[in-house]
Amino acid sequence: MARVKEEKPCIQDYTREELSGLIKPAFRAKQVYSWLYHKYVNSFQEMKNLPKALQEELASQYRIEPLTLAKKEQSKDGSIKYLFELHDGNTVEAVLLLMKKKQFNEDGSVKQQEKYTVCISCQVGCKVGCAFCLTAKSGFIANLTAGEIVEQIRYIKKDNDIDANRRLNIVYMGMGEPLDNLVPVAQSSRVFADPDGMAIAPHRQTISTSGLSTKITKLGKLGLGVNLAISLHAVDDELREQLMPINKAYNIQSIIDAVKDFPVNDRKRVMFEYLVIKDVNDSMDAAKKLLSLLNGIKSKVNLIYFNPYGGTEFKRPEEKDMKAFQEYLTHHGLHCTIRESKGLDISAACGQLRDNELEKEV
Ligand code: SAH
Ligand code: SF4
């Protein structure tokens, strides 16, 4: 569906700093931000501490664009998958992942604290066309605006009554390739980070990319302070080209070179995601090559179980092969985790909820 140009700009596209330059007097921008990102209102009339005249002026100049819920699925493990309809009828997914974190009370007793991570989308569809990815199957449809990216978090925080001051993590791992829509993605990251808004610090945000090397360099130069995740998935160019055609333009070495120059937060590491597919990339030989490839990089590896869907020839790997792969890397000093399969009962991998819905439509 082609995107229609709106006549009024969307207020969620702006950082508070930008709004301070646009709204007079400037301190009102902070109040607007608080109404949007702490109290989650959807109209200027509800911004009670603004003078009526300013409410009307803002309403005549800007629109607040909420997302519409098209579908919501709750998993047994507590994860919630959202399918959102954008203003123009296109749909995108976001997932709220819940993890219990062990914490200790002052008396030493254990208290469980919920840890939130939200996975958000940045495009409708994707141009990259990875062979294993459902999002790729619909091709590229549209870029999201910064406001539409921001709105996914605003909606989910409100929907789950997550306290305004409650920290959560954001991963740009939903539908789309973030570095192929870099300007809105970077802008959304600034909006998330604003201390007067949602205050989600850059080190709590992770941008995941299929490896557009030149854009990795560009992202680094923007100095946002976000974490970087690379979807590597293969250790030699031949296989990677088959799985991810983008590798013809940006090969593995070009990605490694760009990562080496990327500014990484002192306490952080670049995450290399490795989607494990049975009999395709799960051999010990691959584990060995991965180890040598990452030599000298402050990195960690996240192994992901391939999540099958109807019509794919790829298979989920055996647990024992996953474990052996992980053990090899860990044994040789590389941080390596296996991604918990959250929400498996609710079409977990991104693109799958949307795909189920589209199938019902035809
Ligand atoms: N385009 C970006 C971010 C979105 S994809 C990127 O590729 O990094 C987010 C992650 O979902 C990627 O690591 C991708 O490999 C993974 N993914 C795609 N299809 C999957 C599937 N069927 N099962 C499990 N993970 C999948
Ligand atoms: Fe696009 Fe990422 Fe899916 Fe590849 S894995 S097609 S880059 S969304």
Side-chain angles (χ1 to χ4, degrees), residues 1-71 82-94 120-127 138-159 172 174-178 180-194 196-198 354 361:
M1 227 171 292
R3 309 230 72 182
V4 194
K5 182 122 184 70
E6 303 286 342
E7 79 273 23
K8 279 191 275 184
C10 171
I11 196 126
Q12 298 105 300
D13 279 336
Y14 294 92
T15 62
R16 201 229 341 109
E17 217 170 357
E18 288 166 346
L19 284 183
S20 302
L22 294 166
I23 300 176
K24 299 283 166 274
F27 77 91
R28 296 286 183 198
K30 196 169 162 171
Q31 294 175 327
V32 170
Y33 241 58
S34 182
W35 283 108
L36 285 172
Y37 300 118
H38 299 153
K39 302 187 195 81
Y40 313 114
V41 303
N42 284 334
S43 76
F44 293 105
Q45 288 80 356
E46 288 167 89
M47 301 185 178
K48 297 287 183 224
N49 58 356
L50 301 189
K52 231 181 165 58
L54 182 58
Q55 289 177 10
E56 280 162 17
E57 191 189 319
L58 288 173
S60 72
Q61 288 176 2
Y62 301 96
R63 60 184 212 284
I64 300 177
E65 195 174 285
L67 293 167
T68 314
L69 185 67
K71 193 174 166 105
Y82 292 84
L83 184 69
F84 290 124
E85 187 172 320
L86 309 176
H87 205 51
D88 59 9
N90 280 312
T91 51
V92 289
E93 293 177 6
I120 53 175
S121 293
C122 64
Q123 293 180 321
V124 186
C126 184
K127 283 179 208 159
S138 50
F140 171 77
I141 300 167
N143 277 321
L144 296 202
T145 61
E148 285 165 336
I149 301 171
V150 166
E151 200 50 24
Q152 296 170 54
I153 298 287
R154 203 173 79 99
Y155 188 107
I156 289 176
K157 281 192 84 174
K158 182 180 184 186
D159 193 43
Y172 289 79
M175 297 166 66
E177 167 50 52
D180 187 36
N181 190 22
L182 183 55
V183 173
V185 162
Q187 180 75 345
S188 67
S189 161
R190 293 185 195 101
V191 174
F192 290 137
D194 197 306
D196 289 320
M198 292 190 267
R354 179 172 185 274
E361 278 169 26

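Only a predicted model underlies this, so the values are computations on that prediction, with no experimental measurement involved. Positions are given from 1, in the same order as the sequence printed here.
- Contact of the Ile64 side chain with the Met47 side chain is registered, since non-hydrogen atoms from C-beta on lie closer than 4.5 Å.
- Distance alone, capped at 3.5 Å, is enough to place a donor-acceptor pair between the Ser121 side chain and the Glu93 backbone.
- Side-chain contact between Val191 and Tyr33 is present, with at least one heavy-atom pair separated by less than 4.5 Å.
- With no hydrogens or angles considered, a side-chain donor-acceptor pair links Asp159 and Tyr82 at under 3.5 Å.
- No option in Ile23, Asp196, Leu54 other than Ile23 meets the side chain to side chain contact (heavy atoms under 4.5 Å, CB included) test with Val32.
- Here SG of Cys10 is found 9.0 Å from NE2 of His87. Values are rounded to the nearest 0.5 Å.
- For Gln12 against Arg63, the heavy-atom pair with the smallest separation is OE1-O, 3.9 Å.
- The structure places CD of Glu65 at 12.5 Å from CD1 of Ile11, a figure rounded to the nearest 0.5 Å.
- Using the six-membered ring where Trp is involved, Phe44 and Tyr62 have ring planes that are tilted, between 30° and 60° apart.
- Note: Lys30 NZ to Trp35 CH2 = 15.5 Å, rounded to the nearest 0.5 Å.
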Under the side-chain contact (heavy atoms from CB on, under 4.5 Å) rule, what do Thr91 and Val124 come out as? Steps first, then yes or no, please.
CA-CA 7 Å; Thr91 51; Val124 186; 5.9 Å; no
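- Scanning both residues, Asp13 and Gly147, for their nearest heavy atoms gives OD1-N, 2.6 Å.
- Side-chain atoms of Asn181 come within 3.5 Å of backbone N or O of Leu144 as a donor-acceptor pair.
- Going from atom CG of Asn49 over to atom CD of Gln55 covers 9.0 Å, rounded to the nearest 0.5 Å.
- The nearest pair of heavy atoms linking Gly176 to Cys122 is C-SG, 3.8 Å.
- Arg154 and Leu36 get closest at one heavy-atom pair: NH1-O, 3.0 Å.
- Arg28 places a side-chain heavy atom less than 4.5 Å from the side chain of Pro51.
- Using a 4.5 Å heavy-atom cutoff, the side chains of Leu69 and Phe84 are in contact.
- Contact check for Phe192 versus Ile120: side-chain heavy atoms found under the 4.5 Å cut-off.
- Nearest heavy-atom pair, Met198 versus Lys157, reported as atom, atom and distance to 0.1 Å: SD-CD, 4.2 Å.
- For the residue pair Tyr172/Ser188, the side-chain donor-acceptor check at 3.5 Å is satisfied.
- Although no hydrogens or angles enter the test, the distance criterion places a donor-acceptor pair under 3.5 Å between the side chain of Gln152 and the main chain of Glu148.
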Please evaluate residues Leu86 and Leu67 with respect to the criterion side-chain contact (heavy atoms from CB on, under 4.5 Å), reporting the C-alpha separation (whole Å), side-chain torsions for both, the decisive distance (0.1 Å), and the verdict.
CA-CA 6 Å; Leu86 309 176; Leu67 293 167; 3.6 Å; yes
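- Rounding to the nearest 0.5 Å gives a distance of 10.5 Å between CD1 of Ile141 and CD of Gln123.
- Looking at heavy atoms from C-beta onward, Lys48 lies out of side-chain contact with Val41 at the 4.5 angstrom threshold.
- The nearest pair of heavy atoms linking Ser138 to Gly125 is OG-CA, 4.1 Å.
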Derivation of the side-chain contact (heavy atoms from CB on, under 4.5 Å) call for Glu18 and Arg190
CA-CA 11 Å; Glu18 288 166 346; Arg190 293 185 195 101; over 6 Å; no
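- Remark: Leu58 CG to Gln45 CD distance equals 10.0 Å, nearest 0.5 Å.
- Taking a 6.0 Å sphere around CD of Glu17, one finds it holds 12 or fewer heavy atoms contributed by other residues, nucleotides or ligands.
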